[in-house]
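Every chain is numbered from 1 and lettered A, B, ... according to where its sequence line falls, protein lines coming before strand lines.
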Number of protein chains: 2
Amino acid sequence: MSTGKSRRDQFSEATRAALLEAATRRFATLGFGGTSLEDVAADIQATRGAVYHHFPSKKALFEAVFEELETEAVRQSAEAGDRGEDPWQRALFALDAFLTTCADPVYGRVVWQEAPIAMGWVRWEELENKFAFGVIEEHVRALVESGLVERLPVETMSRLAFSMLGAAGQALSRAAEADKARVKDEYRLVIGRMLAGLTVRK
Amino acid sequence: MSTGKSRRDQFSEATRAALLEAATRRFATLGFGGTSLEDVAADIQATRGAVYHHFPSKKALFEAVFEELETEAVRQSAEAGDRGEDPWQRALFALDAFLTTCADPVYGRVVWQEAPIAMGWVRWEELENKFAFGVIEEHVRALVESGLVERLPVETMSRLAFSMLGAAGQALSRAAEADKARVKDEYRLVIGRMLAGLTVRK
DNA sequence: GTATAAGACATACGCTGCGTATGTTACCGA
DNA sequence: TCGGTAACATACGCAGCGTATGTCTTATAC
């Protein structure tokens, strides 16, 4: 059976995907400012014209890369979270999966280090509200609703939890390969303890 | 008595200071990328030549602004912390003073939002290790030494505390003037609770 | 007191890299 | 088979950084 797409459309999508992949590599290794569209295009044996045909701007190209990475990260975290029995366990499972994702150099560099720079804090927050932050806020809300965590301002708790994940992500993306496991354990431990500070005391 | 400086040196320092002030305003309102050296110089009725005479690069100019702000912030935090009786109270006093500083739009925007962009994460961390992060780590260490906080990895705890202050700083620098007080209270509360999660349980 | 050196800028230039405007070619539909 | 349009390539303009060079004024040496 046919894909329903014409030959030309298939080729077009292929170059778009290749562009995205090349851009991901460049952004992850050289950062946003350090990669020129000229080079990205050259990686594909194309010119900047191709880039501007598929993406309206350099920022837009970056956002496409970003969204791709975030979508996958959220998916994995959700999948892990679903295996938990209660809200607390679900949150911890999701946290663990997320830390694993952050240990990936590409994700860590692009999402946590370059993204705010590339698209500005405002836009970054807008997108994160749909992705990572949104997920966290749901976990926090579930924890509050189930009575496991005190009724403190959900937004504030979520922001702080979010920032800690960011710190963990940064540390993980910078850590040497051999240290990643240890660093991850340390962050998981301390974050777990800090979150425990929010639980209701009997 | 004379300052020991020649007339010319005084004028030179005056323009340098004026440049720094103009740059601070521009960076705080328009960001690093949004301010051109042309405009900064024009604010002083000078040209870019003056800027490049006093500072080797745009980044260097930004770093000068940054260091000025950070030095003052650290000073205020230390001053507040010194008024505490025990390590825990000292940490909370310092935290409070720091949140107040973060509520300042200039400090918040330049240090927390623009700085990582302007000088890159690596350089930003290098400098923060000397300023804010260094202060935090000392507080954490004091808390551990005094037995108030568990012997978890100090570096990790400090990084996480640091990231929370960052989040608070961001939130404060973005909050509307009327909300700043409420936002600050919320963050102080939740951060306090999270840190409490690290205390030794009897 | 004058000459010379040096400091404090101004002016001029080149370069990179983004965005846009304008081709050019190949495919698809009628 | 013949426009039309999608998918690029080429060419251009422009902002803004950094640098090289020029100019004027103040300090210093004699």
Residues pairing under side-chain hydrogen bond (donor to acceptor under 3.5 Å, both in side chains) where one sits in residues 27-37 of chain B, two or more places apart or in two chains, turn out to be B/Ser36-B/Asp39
Inspect the contact between A/Arg141 and A/Glu145 and indicate whether a charged nitrogen and a carboxylate oxygen are less than 4.0 angstrom apart. no
- Does A/His53 place a side-chain N or O at less than 4.0 Å from the phosphate oxygens OP1/OP2 of D/dA6? no
Look for any protein N or O under 3.5 Å of an N or O in nucleotides 26-28 of chain C and output each such pair with its distance, or none.
| from | atom 1 | to | atom 2 | distance (Å) |
| --- | --- | --- | --- | --- |
| C/dC28 | OP1 | A/Arg7 | N | 3.2 |
| C/dC28 | OP1 | A/Arg8 | N | 3.4 |

Between CD1 of B/Ile44 and C1' of C/dC9 the distance, given in whole Å, is 14 Å
>> Tell me whether the side-chain N/O atoms of A/Thr15 come closer than 4.0 Å to OP1 or OP2 in D/dA7.
In response: no
Protein heavy-atom contacts under 4.0 Å, written 5' to 3' over nucleotides 12-24 of chain C as B (base), S (sugar-phosphate only) or - (none), form the string ------BBB----
Notebook entry, point to check: Within less than 4.0 Å of OP1 or OP2 of D/dC8, is there a side-chain N or O belonging to A/His54?
Noted result: yes
_So that I know where these two stand, are A/Phe162 and A/Trp112 an aromatic pair - ring centroids less than 6.0 Å apart?_
yes
Flag the pair A/Val200 / A/Glu150 as yes when at least one side-chain heavy-atom distance between them is below 4.5 Å, and no otherwise. yes
So CG of A/Leu99 and CG of A/Asp185: to nearest 0.5 Å the spacing works out to 9.5 Å
*Is the shortest heavy-atom distance from the side chain of A/Tyr52 to the side chain of A/Leu37 under 4.5 Å?*
yes
- Message: Between B/Leu195 and B/Trp88, is there a side-chain heavy-atom distance shorter than 4.5 Å?
- Response: yes
The salt bridge (Lys or Arg N to Asp or Glu O under 4.0 Å) partner of B/Arg159 among B/Glu125, B/Glu128, B/Glu137 is B/Glu125
Whole-Å distance, B/Gln45 CD to C/dC9 C1', equals 15 Å
